[in-house]
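Because the structure is a prediction, the values reported are computed rather than measured. In what follows, every chain begins at residue 1, and chains take the letters A, B, ... in the order their sequences are listed.
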There are 2 protein chains.
Amino acid sequence: MSTNIDFIKQLGDLALASRLKRLSEKMLQDVSLAYKEQSIDFEPRWFTLFALLKERSPLSIVDIAKTLGVTHPAINQIASEMMKKGLVKASSDKKDKRKRLLTLTPLGESLTPTLFPIWQDIEQAAQKLIFETGVDLMGVIDKLEYGMEQQSMFSRIQEQTRQRWQNAVEIMEYQPVFRAHFKSLNLEWIERYFEAEEADIRILSNPESEILDSGGHIFFARLDGEILGTCALIKLDDKTYELAKMGVTEAARGKCIGNKLLAAAIEKAKSVGAELIYLETNSRLSPAIHLYRKHGFVCIPFDAHHPSEFQRADVRMQLDLTATQSPQVQERCLR
Amino acid sequence: MSTNIDFIKQLGDLALASRLKRLSEKMLQDVSLAYKEQSIDFEPRWFTLFALLKERSPLSIVDIAKTLGVTHPAINQIASEMMKKGLVKASSDKKDKRKRLLTLTPLGESLTPTLFPIWQDIEQAAQKLIFETGVDLMGVIDKLEYGMEQQSMFSRIQEQTRQRWQNAVEIMEYQPVFRAHFKSLNLEWIERYFEAEEADIRILSNPESEILDSGGHIFFARLDGEILGTCALIKLDDKTYELAKMGVTEAARGKCIGNKLLAAAIEKAKSVGAELIYLETNSRLSPAIHLYRKHGFVCIPFDAHHPSEFQRADVRMQLDLTATQSPQVQERCLR
DNA sequence: CTAGAATATGTAAGCACTTACGTAAATACT
DNA sequence: AGTATTTACGTAAGTGCTTACATATTCTAG
């Protein structure tokens, strides 16, 4: 029953996991057959536990599970099977009454001379198979395991997704048709966390006169034709701009839209010769503060004698554009 | 919960299957997480079926199972889940009423634009991970699959076992202490399949005078101190020997003991300058005949005018030692 | 020294496959 | 044409793990 797996091959790296699974299942099946053929009453899944107990025992259930990289119920189940066969026995730890310590029974120990030869056969068969591939397969598996330990497959996929989203997001400067978006995107977060103040309404209703006419800029993030985020750069003087009115719609969070908007604003400020970007925010907006930090903004003292235009402001930050950006910050912002 | 898997590594190639299994399980888990994180209602195990139906449909259950290398109940279960979600629909084949043909529903088709991007993310994440190993992993898996298709892991293990047994078997020439073994080993098979004849009793009871004194040889196979098989070489004339009285005890069949005994006998005959080995046997002893064939013996006509000493003889074979042995025969005998 | 957190274990249920087996339809073989 | 075999499929139960949860100890911080 040889199956034609060309289709699976054609799926490429996507089917990696499926193929590895099938491969391992077939191997374990064959090993099981080999035991049966020599009428050895031993299951392949007992092997790691047996080998571990042979080398160091007694060991507690959880210790074993950790060492073998499986969950403790798995060990529990395997151990109870082996106990039924009389290969393993359990005793409770004198010092820690929760622990149940496993050891091989004399019968278990006495099985070794029977098992050892067939293990050698299995190992050599595997070795020859691996040799045919011309690759140090165990080394490759080591590297795969190491790579996944460093960064899980899940996190790697996430990273790809973030990158894709970021590439798809388009940053644009203000156009009159975006006026309504500028207002609604900002009211969304203001009304969610605070209350709209008089200054909010004035600025959001008249972005041209309040921001653009005095030399400021407003940016919009568009994804698949939809405007999902905005932020403004208000000119304070020739060397100083204020970052304000940054908002990303709830549904589009996690797509790094804020990241890209902020990067665009900083880029623009640099290109028009600014030396400092200043901003006011609220301590409750920790994701925003985290984003500012990521881009190099640092907190400055909140001087109560110099009150903000906004009641909600309780944090002030700034970014010194004359300082050379640290490589770490640059790298972070690409994520 | 990073587990310290040094112990597993130490097991080497023996733990290959376990490690592959754990690796694939972790990957599939992470892929499942990635779907969930993007709130995509899709299970990793649907993937191959979905991709296959997308490319070519309709397809019957068994066809799909074969193409994807799993059993048909697996497809049945996956399909019924996907049908519950409205992604797949079934229709019966007009030509063959046994068949149930699967296709994607329009809803299923419409899922593609959602799925495609995340598949790309997964593929690229896998690609990067593989790249870190510095090896063409898919190529290696191809080779492993091909290698196991050529010869299953089971058969490879068997081969190793046979080789090990063969190496452990020790061939010795006659010593007086072996006289009883010579008799019992032969009576075992003679009485099982036939009846001991007068000539049997005479030869088995007096091997020295009947075989050795006239220039013959008797060989014994010993494994772990036990005598498990024997065979004799009777001198007919300076250039011709007869192979006879070959017997391996029932319990030790399958350990290639006969193979090694026969090889030793042929070797001895060559070394004493024989040009032909002749033998008589019975057609019911097909394993023995197969063994003789393996070593290059060929059947010769059974000339009834020239009767055998034994009633049971109905097959005559011979091996021409002057002919150069074909490489195939040589290779076969090493197995 | 004591409440709450952490740890070790057991048990149940779930999951993604498998094997085993039964039925219906198609095909092969006289 | 009629019977035996093969093929397609469904269903039930098994397998070897997992997650989820309950319970008993031990540790730890105030």
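Side-chain rings of B/Phe47 and B/Phe42 stay apart, their centers remaining 6.0 Å or farther from each other. The aromatic ring centres of B/Trp119 and B/Phe50 sit less than 6.0 Å apart.
For D/dG10, one of the phosphate oxygens OP1 or OP2 lies less than 4.0 angstrom from a side-chain nitrogen or oxygen of B/Arg100. Phosphate proximity of C/dC15 to B/Gln29: absent, as no side-chain N or O sits under 4.0 Å from OP1 or OP2. The phosphate of C/dT9 has OP1 or OP2 within less than 4.0 Å of a side-chain N or O from A/Ser60.
Within 4.0 Å of A/Lys95, counting heavy atoms only, lie sugar-phosphate atoms of the nucleic acid but no base atom. Using a 4.0 Å heavy-atom criterion, one finds that A/Ile78 contacts the sugar-phosphate atoms exclusively. Note on B/Asn76: a base of the nucleic acid sits closer than 4.0 angstrom, heavy atoms only.
When rounded to the nearest whole Å, the span between CG of B/Leu49 and P of C/dC17 equals 11 Å. Distance, A/Lys94 NZ to D/dT26 P: 12 Å, rounded to whole Å. Atom pair B/Leu101:CG and D/dT7:P shows a separation of 19 Å (rounding to whole Å applied). Straight-line distance from the CG atom of A/Leu28 to the P atom of C/dT18: 14 Å, rounded to whole Å. Computed from coordinates, the B/Leu68 CG to C/dA16 P distance equals 16 Å when rounded to whole Å. Distance CZ (B/Arg45) to P (C/dT18): 12 Å, rounded to an integer number of Å. With rounding to whole Å, B/Asp93 atom CG is found 11 Å from C/dT27 atom P. Remark: C1' of D/dG16 and CD1 of A/Ile75 are 12 Å apart, rounded to the nearest angstrom.
The backbone N or O of A/Tyr193 sits less than 3.5 Å from a side-chain atom of A/Arg284, completing a donor-acceptor pair.
For the pair B/Pro58 and B/Leu102, the minimum side-chain heavy-atom distance is 4.5 Å or more.
The base of D/dT26 has none of its N or O atoms less than 3.5 Å from a complementary donor or acceptor on the side chain of A/Arg98.
For the residue pair B/Ser32 and B/Lys36, a side-chain donor N or O sits within less than 3.5 Å of a side-chain acceptor on the partner.
Taking only side-chain atoms of B/Lys21, from C-beta outward, the nucleotide of C/dC17, D/dT7, D/dC17 with the closest atom is D/dC17. Side-chain atoms of A/Glu43 lie closest to D/dG16 of the nucleotides D/dG16, C/dA8, D/dC17.
In terms of position along DNA chain D, the nucleotide closest to B/Lys99 lies nearer the 5' end than the nucleotide closest to the other residue of the pair B/Lys99 and A/His72. Residue order along DNA chain D, read from the 5' end via each residue's closest nucleotide, puts B/Gln77 first among A/Lys97 and B/Gln77.
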